[in-house]
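So the structure is just underneath, and the comments pick up after that.
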Amino acid sequence: PLIPPLLEEIKDAPAYKKETQNSIIRYYEHHRSQEETLAQLRKLSEIDFMDNYAREKIIKILLNMSKRSEALNRLCEIATLNPYNTNIPLRRAKIYANRYQFHKAIEVCNQAETICPENYEILSSLGLLYRRIGNYEKFEGFVNKALKIKPDYTWLRKYAEFVSPKKEA
């Protein structure tokens, strides 16, 4: 009973300590208030812009709230800070693909491939995206590249076998 009034009192005060801000965030997360959690996470990112936890949580909440454009903008900001983190373009590509913007998703993955050409996740994503737009030749090419790098990627191997035309003996 005492905690909510206390939180109301301190949540808008300038937060000087990350620990205090994290406690407020945990409270709102626990009580399922996405709007308040988001507001407090934004405050935390102002205190410490390099806080990966806050940035990741902000994106997760924005996606949960179907604010995909804002999440994409945040991911672009993060990508400029950490251009070698391949998870960022993969997440961006997934958002674009979920919006049926396959060419934009392919563009993002192609940029990521120039940075990290040996990443099997990027290569397999490119293959799957090319299949979605009907380019089966590129689908097979990227899938084969990905499987050459990670031969034990069982799901991708089985998927490629399933969707490939059967060859008659």
Side-chain angles (χ1 to χ4, degrees), residues 22 25-26 28-35 37-38 40-42 44-45 48-169:
N22 279 322
I25 290 165
R26 279 192 298 278
Y28 284 118
E29 278 180 318
H30 180 72
H31 288 86
R32 311 269 190 259
S33 174
Q34 288 188 331
E35 289 288 342
T37 304
L38 187 58
Q40 298 307 317
L41 282 164
R42 286 182 172 142
L44 179 60
S45 68
D48 182 5
F49 186 72
M50 297 305 290
D51 188 325
N52 289 329
Y53 169 80
R55 292 191 312 220
E56 287 294 318
K57 280 298 237 183
I58 288 171
I59 292 165
K60 185 177 179 183
I61 290 172
L62 289 170
L63 290 172
N64 286 342
M65 296 171 74
S66 297
K67 295 183 177 184
R68 289 177 181 84
S69 295
E70 195 175 340
L72 281 168
N73 290 338
R74 284 287 182 155
L75 283 167
C76 288
E77 289 172 13
I78 295 170
T80 58
L81 295 172
N82 194 354
Y84 298 103
N85 182 344
T86 55
N87 289 327
I88 296 166
L90 287 171
R91 287 178 77 185
R92 287 177 57 208
K94 183 177 180 180
I95 293 169
Y96 285 125
N98 288 340
R99 297 166 117 184
Y100 300 99
Q101 296 176 328
F102 301 116
H103 292 286
K104 187 71 176 164
I106 288 170
E107 181 184 323
V108 169
C109 285
N110 278 327
Q111 291 168 355
E113 185 196 13
T114 60
I115 294 169
C116 194
E118 299 295 315
N119 185 307
Y120 74 92
E121 290 175 315
I122 293 169
L123 296 170
S124 64
S125 293
L126 275 165
L128 296 172
L129 288 164
Y130 276 113
R131 184 177 185 287
R132 292 293 301 264
I133 63 169
N135 191 331
Y136 300 105
E137 189 176 306
K138 285 194 174 187
F139 161 70
E140 286 183 6
F142 281 108
V143 166
N144 289 336
K145 276 185 184 179
L147 290 172
K148 207 175 278 183
I149 293 167
K150 187 162 174 70
D152 62 337
Y153 194 171
T154 308
W155 180 88
L156 185 62
R157 183 175 306 286
K158 287 184 178 185
Y159 180 76
E161 289 170 3
F162 178 73
V163 299
S164 294
K166 306 290 182 232
K167 294 182 179 150
E168 308 251 343

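Here, residue 1 is the first one in the sequence, and each next residue gets the next number. Reckoned from all heavy atoms, side chains included, excluding hydrogens, waters and symmetry mates. The structure presented is a predicted model; accordingly, all values stated were derived computationally and were not measured.
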Would you compute the distance between atom [atom1] of [X] and atom [atom2] of [Y] and round it to the nearest 0.5 angstrom?
X: T154; Y: L147; atom1: OG1; atom2: CG; answer: 9.5 Å
X: N110; Y: S125; atom1: CG; atom2: OG; answer: 11.5 Å
X: S69; Y: R99; atom1: OG; atom2: CZ; answer: 4.0 Å
X: F142; Y: L129; atom1: CZ; atom2: CG; answer: 10.0 Å
X: S124; Y: R157; atom1: OG; atom2: CZ; answer: 12.5 Å

TODO: I would like to know whether Y136 and V163 meet side chain to side chain contact (heavy atoms under 4.5 Å, CB included); could you show each step before the answer?
DONE: CA-CA 10 Å; Y136 300 105; V163 299; over 6 Å; no
Open item on the list: side chain to side chain contact (heavy atoms under 4.5 Å, CB included) for K94 and L90? Distances and angles first, verdict last.
Closed with: CA-CA 6 Å; K94 183 177 180 180; L90 287 171; over 6 Å; no
Non-neighbouring partners of [X] that pass side-chain contact (heavy atoms from CB on, under 4.5 Å), sequence neighbours left out:
X: E137; value: N135
X: N64; value: Q34, K60
X: L62; value: L38, R42, I58, K67, E70, A71, R74

Would you mind reporting whether [Y] and [X] have side-chain heavy atoms less than 4.5 Å apart?
X: N85; Y: I78; value: no
X: I115; Y: I122; value: no
X: R91; Y: L63; value: yes
X: R132; Y: Y100; value: yes

Open item on the list: Any side-chain to backbone donor/acceptor pair from R92 onto C76? Under 3.5 Å, distance only.
Closed with: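 Between the backbone of C76 and the side chain of R92 there is no qualifying donor-acceptor contact (under 3.5 Å).
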- [ ] Would you confirm whether T80, through its side chain, and E77, through its main-chain N or O, come within 3.5 Å as a donor-acceptor pair?
- [x]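 At least one qualifying donor-acceptor pair exists.
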What are the two closest heavy atoms between [X] and [Y], and how far apart are they?
X: A93; Y: V108; result: N-CG1, 4.3 Å
X: A146; Y: L123; result: CB-CB, 3.9 Å
X: E121; Y: N87; result: OE1-OD1, 4.4 Å
X: E140; Y: S164; result: OE2-OG, 4.1 Å
X: L126; Y: I106; result: CD2-O, 3.8 Å

Open item on the list: Salt bridge or not between K104 and E107? Use side-chain N to carboxylate O under 4.0 Å.
Closed with: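 Salt bridge present between K104 and E107.
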Open item on the list: Among residues at least two apart in sequence or on other chains, which ones pass salt bridge (charged side-chain N to carboxylate O under 4.0 Å, His left out) with E113?
Closed with: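 Result, salt bridge (charged side-chain N to carboxylate O under 4.0 Å, His left out) vs E113: K145.
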- [ ] Measure the acute angle between the ring planes of F139 and Y159, then classify it against the limits of 30° and 60° as parallel, tilted or perpendicular.
- [x]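 If you compare the ring of F139 with that of Y159, the planes turn out perpendicular.
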Open item on the list: Could you work out, with side-chain hydrogen bond (donor to acceptor under 3.5 Å, both in side chains) as the rule, every residue matching R68, not counting sequence neighbours?
Closed with: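 Expected list: none.
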TODO: For Y120, check ring-ring contact (aromatic ring centres under 6.0 Å, His included) against everything at least two apart and list the hits.
DONE: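 Only Y153 meet the ring-ring contact (aromatic ring centres under 6.0 Å, His included) criterion with Y120.
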Open item on the list: Looking at K150, I'd like to know if its NZ atom is crowded, meaning that more than 12 non-hydrogen atoms belonging to other residues, nucleotides or ligands lie closer than 6.0 Å.
Closed with: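 Counting other residues, nucleotides and ligands, NZ of K150 exceeds 12 neighbours.
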